[in-house]
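Everything below concerns the one structure shown next.
Side chains included, hydrogens not; waters and symmetry mates left out as well; all remaining heavy atoms used.
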Amino acid sequence: MAGRINDDDVKAVRDAVPIDAVVSEYLQLRSAGGGNFKGLCPFHDEKSPSFQVSPSKGLFHCFGCQEGGDTIAFVMKIDHLSFSETVERLAALAGITLRYEEGGYNPTHQRGERVRLVEAHKAAAEFYVEQLDSAEAEIGRKFLAERGFEQSAAQHFGVGYSPAGWDHLTRYLRGKGFTDKELTLSGISQEGRRGPIDRFRGRLMWPIRDITGEVVGFGARKLRDDDNGPKYLNTPETPIYKKSQVLYGIDLAKKEIAKTSKAVVVEGYTDVMACHLAGVTTAIATCGTAFGGDHIKILRRLLMDNASAEVVFTFDGDAAGQKAALRAFEDDQKFAAETSIAITPGGMDPCDLRLAQGDAAVASLVETRTPLFEFAIRHVVSRHNLETPAGRAAALDEAAPIVANIKNIAIQHESAVQLAGILGIMDIQFVIKRVAQLARWARDRGGRGPTAPQGRRPVPAQDLGGGHPGPSGPALNLRSPAHRTERELLKLALQRPDLVSPAFDAYGIDEFTAPPYAAVRQTIEDAGGAEQGVVDPSDYLTRVRDTAPNDTVRALVTELAVEAIMRKTVDDIYAGMQLVHVRLRAVDRRILDVQGTFARLGPHVDPEHLAAVQSELWVLQQYGEALRNNGAAAL
């Protein structure tokens, strides 16, 4: 058993290592006045900092969860170490040699388990770095060079190489005094037929460090075709390595993350390297697992969750990348910080992007980010046909709960306005009220999410505004001014084709919003148009009736052909008024459609496409103005 550490040495360690220096390795500290500092407590979740550190007293205390103590107590709790392990670790930082009351002078075999495993990883990392210069590692150096990483980059990140033999590292570490049990427990070695063998062989090696900079695991990249293992092989779960609690590059990025209140989450080791070399020094990555709750806790302590903090996720634009982005969005509300997404162009990851387009392209990728909730909304909306009222209604039903789930009321309101723009719904207040309603339901249900009650009626298409129903739109409504005008124009086309031809024949089927009237308009066109009534008036109505596709349309043709026109004096002026009214309503509907399209384009639209939409909108607006000012002369 290890002897008890000398009391004077414990005091020397406690005095030699400033508590604020130790705590700031794990979380961001800010002045709390009076020489004290504050930060987000690492021992419980909180939105505002209640964790305080007093350097003059050498103590910390959380006013939220009541945890407190000195430097040793802090390290013991946060890293789950024993008292002896903690003192040994801090003594190593301070350069203090410890004395033991029982068992003599600090023998290696008496060191605590965690300390021993960390030391084994440190020695292994140094071994791998040395091996990268060997002749065998040429394939590894070539791999790095092909991805734009020079020797200096490899050194900065501690990249190394594991020899292809069975037990090179195992024998090396045995020579350093580590036992077979320690090597297998650390995950550096694994059991073979005749004892421990190297876990990683013939691979490029990335040391995985915790937030304090200690190596706790490795990520290994396959280099040879005859390697039957996975592309990336990571250290298994060990007493010091939990992949859900480690972020690759956090040791290098933490100061800049705390300074700028921004973190960039990428997907791989080479992506972290590429970002840092391109000047994005806040980049980090998960280690063979999805970004989750424990990772969030690490970042929250560094970001302090202030209003200006931001977490940017980068994902490939393929299906897997979008799925990962949506999975990250599920955790969005666990951040007080704003979360955004940067989709890499052409499916390239940051490493490929840097190689193809240079450092500036990587920096630009992060700058052209999109809020994560907007990405989630656009992803949901993309599954619907926004050119139809029914499609817009369905998209609103699916996207509105996402917006309603945003906890910040101000952001929720702005997002509702943005959703209306994405959908092309001109009645913005309708969308805002819908989101607010869902948010109230969520609060009433105890925050279980804004799920609409069973049996809730669908949003009526006519409530959405903009666009026209077309042949599959609402049923005939004789109280509708639009339907009355369409009916009157059809009566003129059947009874007085000489007054509306040839203009009538240029009207599209979709200019008649009532499906029965659209069917009659189609029948007239199939029969040769209203011009046929001018050329052969005696046979015109018979021809139209015979062309009708069914008895229902035929009956309506007959009805319209005999119904009195709603004016005693039927002349060119009256016919022109009906032509203008129908056309003007169609133009106004199309303007709303184009405005909706314009609103949905987003900030990264192709300039040519944007110009085309703007041009169409301008032409329609000019045409509508001409119809209002000049009447039938503008047709």
Any idea how F143 and W206 line up, ring-wise: parallel (<30°), tilted (30 to 60°), or perpendicular (>60°)?
perpendicular

Quick check for you: to the nearest 0.5 Å, what is the distance between [X] atom [atom1] and [Y] atom [atom2]?
| X | Y | atom1 | atom2 | result |
| --- | --- | --- | --- | --- |
| L169 | L183 | CG | CG | 7.5 Å |
| N36 | S31 | CG | OG | 8.5 Å |
| L299 | D294 | CG | CG | 11.5 Å |

Scan T184, T170, D180 and name whichever one has a side-chain hydrogen bond (donor to acceptor under 3.5 Å, both in side chains) with S189.
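Per the side-chain hydrogen bond (donor to acceptor under 3.5 Å, both in side chains) rule, the option paired with S189 is T170, out of T184, T170, D180.
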
Go through the structure and list residues passing side-chain contact (heavy atoms from CB on, under 4.5 Å) with A153, not counting sequence neighbours.
F149, M273, L277

Please identify each residue that fulfils side-chain contact (heavy atoms from CB on, under 4.5 Å) with A164, with sequence neighbours left out.
E136

Would you say [X]'s side chain and [Y]'s backbone share a donor-acceptor pair under 3.5 angstrom?
| X | Y | value |
| --- | --- | --- |
| D210 | G213 | yes |
| E237 | K243 | yes |
| R199 | G187 | yes |
| K242 | T238 | yes |
| R141 | L132 | yes |
| D251 | R209 | no |
| D20 | P55 | no |
| R378 | F375 | no |
| H121 | E214 | no |
| S162 | R203 | yes |

Just wondering, do [Y] and [X] contact through their side chains at under 4.5 Å, heavy atoms?
| X | Y | result |
| --- | --- | --- |
| Y128 | Y161 | no |
| F157 | Y269 | no |
| V10 | I72 | yes |
| F200 | T235 | yes |
| Q28 | R30 | yes |

Between F74 and F60, does the ring centroid distance fall short of 6.0 Å?
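For F74 and F60, the ring centres are under 6.0 Å apart.
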
Inspect the contact between K254 and E256 and indicate whether a charged nitrogen and a carboxylate oxygen are less than 4.0 angstrom apart.
no

One thing to verify: whether E119 and R116 come together as a salt bridge, which I'm taking to mean a side-chain N less than 4.0 angstrom from a carboxylate O.
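Salt bridge flag = yes for E119 with R116.
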
Indicate whether any N or O donor in one side chain lies under 3.5 Å from an N or O acceptor in the other, for E310 and S340.
yes

Pair E398, H384: side-chain N/O donor-acceptor within cut-off below 3.5 Å:
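Short answer, yes.
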
Please say whether the positively charged group of K38, taken as NZ for Lys or CZ for Arg, lies over the ring of F51, i.e. under 6.0 angstrom from the six-membered ring centre and within 45 degrees of the axis.
no

